Amino acid sequence: MTRPIVGIIGNMNLINNEYPVHAGGTMNSAAVAQVAGCMPLLIPSDPRFVSVEELLDACHGFLLTGGRPNVHPSEYGEEETEAHGAFDRCRDAITLPLVRACVERGQPFLGICRGFQEVNVALGGTLHPEIRDLPGRMNHRMPPEGTIEEKFALRHRVRFTEGGVFARLFGTAEVMTNSLHGQGIKQPGKRVVIDGWAEDGTPEALFVEGAAGFTLAVQWHPEWNAATDPVSRPLFQALGDAARCWAASRTVGLGRALRA
């Protein structure tokens, strides 16, 4: 049986600070292939090369990955400052309309870290440029030193709404997660439901209210150890199930069109 295709949003990067590439972490592909049971397809997130319409037609679901560049503040009505960091305007041009289109069509996506923030901005929300500068907030950024295992280690609890979407998915109202982000949600977008919070009140999990499809997003990085982590695995399994449902519905629709 052909696996559904999950498009993985790629990030612009420079090899040796001079050779431009579109890159995606191997752990994202592993999570999609080995846990979601789908075929990972890395997307060059640049409107010069792909269109949202083509991506919607080519893929059955999407993984909105993390990335070092941030969503440009002009996308949520604010001026650029040094605190906002680096940007990837080409990725903005693809992912923000892609999120809106997926919500409208019911096509599934899972947002991670920057992808979590993209979902909020795409639906009219805003972001804090630096969470650690807010009173009472912890430093959510990736530790600057240590091994990759230490950088992705579990660092804080996330509590979910009792009986909510994430609590039902995980079978518990509280989990431990890693933390590798600087920015965070300030004002939720229209229909964005915050369903999980860190201990300091930082939003960590969301879904889109009333959306026909799978629209979950998290601020942490579940792609790390996705096959064995009890929090990561259900997220990617749910994404895979949603992509299979979307693929099946397209097949049924095509069959009806051919018989008409």
Side-chain angles (χ1 to χ4, degrees), residues 4-26 28-29 32 38-81 84-127 129 181-183 185 189-192 206 208 211-217 219 223 239 242-243 246-247 250:
I5 297 171
V6 169
I8 299 177
I9 296 298
N11 288 296
M12 193 63 168
N13 204 351
L14 289 176
I15 296 178
N16 296 328
N17 292 318
E18 62 179 356
Y19 184 74
V21 298
H22 282 109
T26 303
N28 291 308
S29 297
V32 168
C38 299
M39 189 184 88
L41 181 66
L42 184 63
I43 294 171
S45 305
D46 188 322
R48 295 173 298 176
F49 311 132
V50 297
S51 70
V52 170
E53 292 74 18
E54 289 172 319
L55 294 176
L56 292 168
D57 188 56
C59 300
H60 301 104
F62 297 94
L63 182 65
L64 310 172
T65 62
R68 186 172 296 277
N70 295 310
V71 178
H72 197 277
S74 65
E75 298 290 353
Y76 47 94
E78 296 187 8
E79 295 294 325
E80 176 185 335
T81 69
H84 285 97
F87 308 110
D88 185 345
R89 300 297 277 132
C90 289
R91 173 166 168 162
D92 292 347
I94 290 295
T95 54
L96 300 182
L98 178 65
V99 166
R100 291 188 285 266
C102 284
V103 170
E104 182 179 347
R105 289 160 58 98
Q107 198 157 346
F109 62 75
L110 172 61
I112 292 175
C113 199
R114 175 188 159 120
F116 172 85
Q117 297 164 11
E118 285 171 334
V119 175
N120 189 55
V121 172
L123 298 178
T126 61
L127 304 174
H181 66 101
Q183 297 196 325
I185 289 180
K190 185 178 180 181
R191 298 172 62 191
V192 170
L206 67 79
V208 181
F214 181 90
T215 59
L216 301 192
Q219 185 62 85
E223 72 274 24
L239 173 64
W246 179 263
R250 284 213 321 195

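No experiment lies behind these values; they were computed from the predicted model shown.
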Evaluate the criterion side-chain contact (heavy atoms from CB on, under 4.5 Å) for residue pair Arg68 and Asn11; output intermediate values, then yes/no. CA-CA 8 Å; Arg68 186 172 296 277; Asn11 288 296; over 6 Å; no
Check the pair Glu75, Arg89 against side-chain contact (heavy atoms from CB on, under 4.5 Å), reporting the backbone distance first and the verdict last. CA-CA 10 Å; Glu75 298 290 353; Arg89 300 297 277 132; 2.9 Å; yes
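Considering only heavy atoms from C-beta on, Thr65 comes within 4.5 Å of Ile8 through its side chain. Using a 4.5 Å heavy-atom cutoff, the side chains of Val99 and Phe62 are not in contact. Side chains of Leu98 and Cys102 form a contact here, defined as non-hydrogen atoms less than 4.5 Å apart. Using a 4.5 Å heavy-atom cutoff, the side chains of Gln183 and Pro73 are not in contact. Put simply, the side chain of Ser74 does not reach to within 4.5 Å of the side chain of Glu80, judged on heavy atoms. In this structure the side chain of Pro40 never reaches within 4.5 angstrom of the side chain of Asn28, judged on heavy atoms. Between Arg191 and Val103 the shortest side-chain heavy-atom distance falls below 4.5 Å. In this structure the side chain of Gln219 reaches within 4.5 angstrom of the side chain of Cys113, judged on heavy atoms.
A donor-acceptor contact shorter than 3.5 Å links the side chain of Asn70 to the backbone of His84. Under a 3.5 Å cut-off, the side chain of Asn16 and the backbone N or O of Glu18 do not form any donor-acceptor pair. A donor-acceptor pair is defined here as one N or O able to donate and one able to accept, closer than 3.5 Å; no such pair exists between the side chain of Gln117 and the backbone of Val71.
The aromatic rings of His22 and Phe49 stand perpendicular to each other, their planes meeting at an angle above 60°, with 30° marking the opposite boundary.
Here the closest heavy-atom approach between residue Val50 and residue Pro44 is recorded as CG2-O, 3.5 Å. Closest of all the heavy-atom pairs between Ala217 and Val119 is CB-CG2, 4.3 Å. For the pair Cys38 and Val6, the tightest heavy-atom approach, listed with the atom from each and the gap, is CB-CG2, 3.6 Å. Of all the heavy atoms in Ser45 and Gly10, the pair that sits closest is OG-O, 3.1 Å. Across every non-hydrogen atom of Ala58 and Ile5, the tightest pair is O-CD1, 3.7 Å. Shortest non-hydrogen contact noted between Trp246 and Cys59 is NE1-O, 4.3 Å.
Taken from CD1 in Ile43 to OG1 in Thr95, the straight-line distance is 10.0 Å, to the nearest 0.5 Å. Note that CG of Asp88 is 11.5 Å distant from NE2 of His72, once rounded to the nearest 0.5 Å. Remark: Leu55 CG to Gln107 CD distance equals 9.5 Å, nearest 0.5 Å. A distance of 11.0 Å separates CZ in Arg48 from CD1 in Ile94, rounded to the nearest 0.5 Å. Between Tyr76 atom OH and Leu127 atom CG the span is 4.5 Å, to the nearest 0.5 Å.
A side chain to side chain contact (heavy atoms under 4.5 Å, CB included) with Val208 holds for exactly one of Asn120, Leu123, Leu216; it is Leu123. Exactly one residue among Ile185, Leu64, Leu110 makes a side chain to side chain contact (heavy atoms under 4.5 Å, CB included) with Phe116. That residue is Ile185.
Between Arg100 and Glu104, none of the side-chain N atoms (NZ, or NE/NH1/NH2) sits under 4.0 Å from a carboxylate O, so this pair counts as no salt bridge.
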